[in-house]
Amino acid sequence: MEKFAIITRFDDQSKQIGDKIKQVLLSHQYEYNQENPDTVFVVGGDGTYIKAIHKYMELIPDVKFLGLHTGTLGFFTDYHDNEVDELLKMYLSEKYEISEYPLLVTEVNGNIYHAVNEIRVENIARTQILDVHLSDEYLETFRGTGMCVCTQLGSTAYNRSLGGAVIQDGLDLIELSEIAGIHHSKSRSLYAPIVLSKDTTVKLSSESFEKAILGVDSDVYPIDDIKEFEIRVCDQKRVRMIKGKKISYFKKLNSLF
Ligand code: NAP
Ligand code: MN
């Protein structure tokens with residue numbers, strides 16, 4: 001029997017919808033199991049969805065996710081808060097497609113971190129100097145606050161705030177963007193986001209990352225003693241998301257701003 005878990009945002013509306021999903025699925029003999037689910041229902045926003053993926057990262061790719069958005073439309077969710085019945089009907093019919101999305105991966109201090117949106121290095125304490133290599137080829141020496149590598153899904157998140165291009169759904173690409181680069185006669189770097197093929201390994205190296213942090217979606221880690229790390233698309237696992245109805249990507253994009 002299919003096991004399900006429910007992750008909701010903290011607000012009352014999301015919790016109530018989560019309770020309703022739970023009651024209906026229990027009445028259809030599905031098993032409620034927060035520790036080892038086959039399907040994770042996510043009720044909230046894109047942020048809630050990302051946190052749910054991180055909570056069940058170890059179970060990927062065996063676990064699948066299904067989201068319902070409370071608030072505006074979301075990039076990870078195709079159902080709105082007034083469409084709970086529709087979502088349940090689709091799920092219970094077991095007639096749905098599953099879309100797979102890539103994860104970024106990096107290894108630091110023997111720990112492996114996966115990201116849905118982006119992996120970034122940020123130093124707000126001092127000017128960060130770092131070298132950028134793309135698949136072992138030197139690109140530039142960068143000075144500024146940091147660098148951000150995002151997925152297609154993450155292109156509308158932090159990347160967009162950095163002036164990065166939004167990448168259309170379905171394109172298997174990654175993007176590298178500068179975070180507050182310094183550009184003058186003695187310091188030059190590309191000064192534009194660069195869209196890269198999914199096979200590209202981005203290596204960031206520095207004499208010192210002291211006081212810099214490694215940002216992995218919602219989580220941050222110190223990297224004071226690290227000299228270099230690589231960011232690439234994980235070839236071991238992809239996130240599986242249930243797609244019931246399809247909402248156009250541009251409609252979602254339009255509702256974002
Ligand atoms: P959070 O509150 O979970 O998310 C921050 C905001 O980003 C929320 O409004 C969330 O939408 C939205 N968001 C998340 N992923 C998105 C995506 N792929 N496309 C469009 N919007 C998206 O904050 P958090 O836990 O600190 O970090 C989660 C994410 O926030 C990070 O991965 C990063 O991309 C983003 N972030 C952005 C900035 C920035 O733009 N300056 C700075 C730090 C972090 P919902 O309201 O639907 O949840
Ligand atoms: Mn949203």
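Order of appearance sets the numbers: ligands from 1, and atoms from 1 within every ligand. Below, all heavy atoms of this structure are taken into account, side chains as well, without hydrogens, waters or symmetry copies.
Heavy-atom distances between Lys51 and ligand 1 reach below 4.0 Å in at least one pair. Ligand 1 lies less than 4.0 angstrom from a heavy atom belonging to His69. Ligand 1 is approached by Phe76 to a heavy-atom distance shorter than 4.0 Å.
Not a single N or O atom of Gly154, backbone or side chain, sits closer than 3.5 Å to an N or O atom of ligand 1. Note: no N/O pair closer than 3.5 Å links Arg120 and ligand 1 by distance alone.
A salt bridge between Glu140 and Arg188 is absent, with no side-chain N of the basic residue lying under 4.0 Å from a carboxylate O of the acidic one. Salt bridge status for Lys64 with Glu2: present, with a side-chain N to carboxylate O gap under 4.0 Å. Using a cut-off of 4.0 Å between Lys/Arg side-chain N and Asp/Glu carboxylate O, Lys252 and Asp78 are scored as salt-bridged. Using a 4.0 Å cut-off between a side-chain N of Lys or Arg and a carboxylate O of Asp or Glu, Asp169 and Lys246 do not qualify as a salt bridge.
Every atom of ligand 1 is numbered from 1 in the order shown, and the set under 4.0 Å from a heavy atom of Ile50 is 14 (C), 15 (N). Short contacts between ligand 1 and Phe75, defined as distances under 4.0 Å to a heavy atom of the residue, involve ligand atoms 19 (N), 20 (C). Listed by atom number, the atoms of ligand 1 under 4.0 Å from Ser218 heavy atoms are 24 (P), 25 (O), 27 (O), 28 (C).
Judged by distance alone, the side chain of Ser187 and the main-chain N or O of Ile182 form a donor-acceptor pair under 3.5 Å.
Residue contacts with ligand 1, taken as heavy atom pairs separated by less than 4.0 Å, involve Tyr158 via backbone and side-chain atoms alike. Contacts between Thr156 and ligand 1 below 4.0 angstrom, taking non-hydrogen atoms only, involve backbone and side chain alike. Of the heavy atoms in Ser161, only side-chain atoms (C-beta onward) come closer than 4.0 Å to ligand 1.
Considering Leu66, Val43, Ile17 in turn, Leu66 is the only one that fulfils the side-chain contact (heavy atoms from CB on, under 4.5 Å) rule with Leu87. Of the candidates Glu137, His133, Arg232, Lys203 forms a side-chain contact (heavy atoms from CB on, under 4.5 Å) with just one, namely His133.
Among Leu153, Val216, Asp46, the residue whose heavy atom lies nearest to atom 18 (N) of ligand 1 is Leu153. The residue among Gly47, Gly45, Ala115 with a heavy atom at the shortest distance from atom 4 (O) of ligand 1 is Gly47.
The six-membered or imidazole ring of Tyr79 lies away from that of Tyr91, with a centre-to-centre distance of 6.0 Å or more.
Judged purely by distance below 3.5 Å, without hydrogens or angles, the side chains of Ser135 and Thr200 never pair a donor atom with an acceptor atom.
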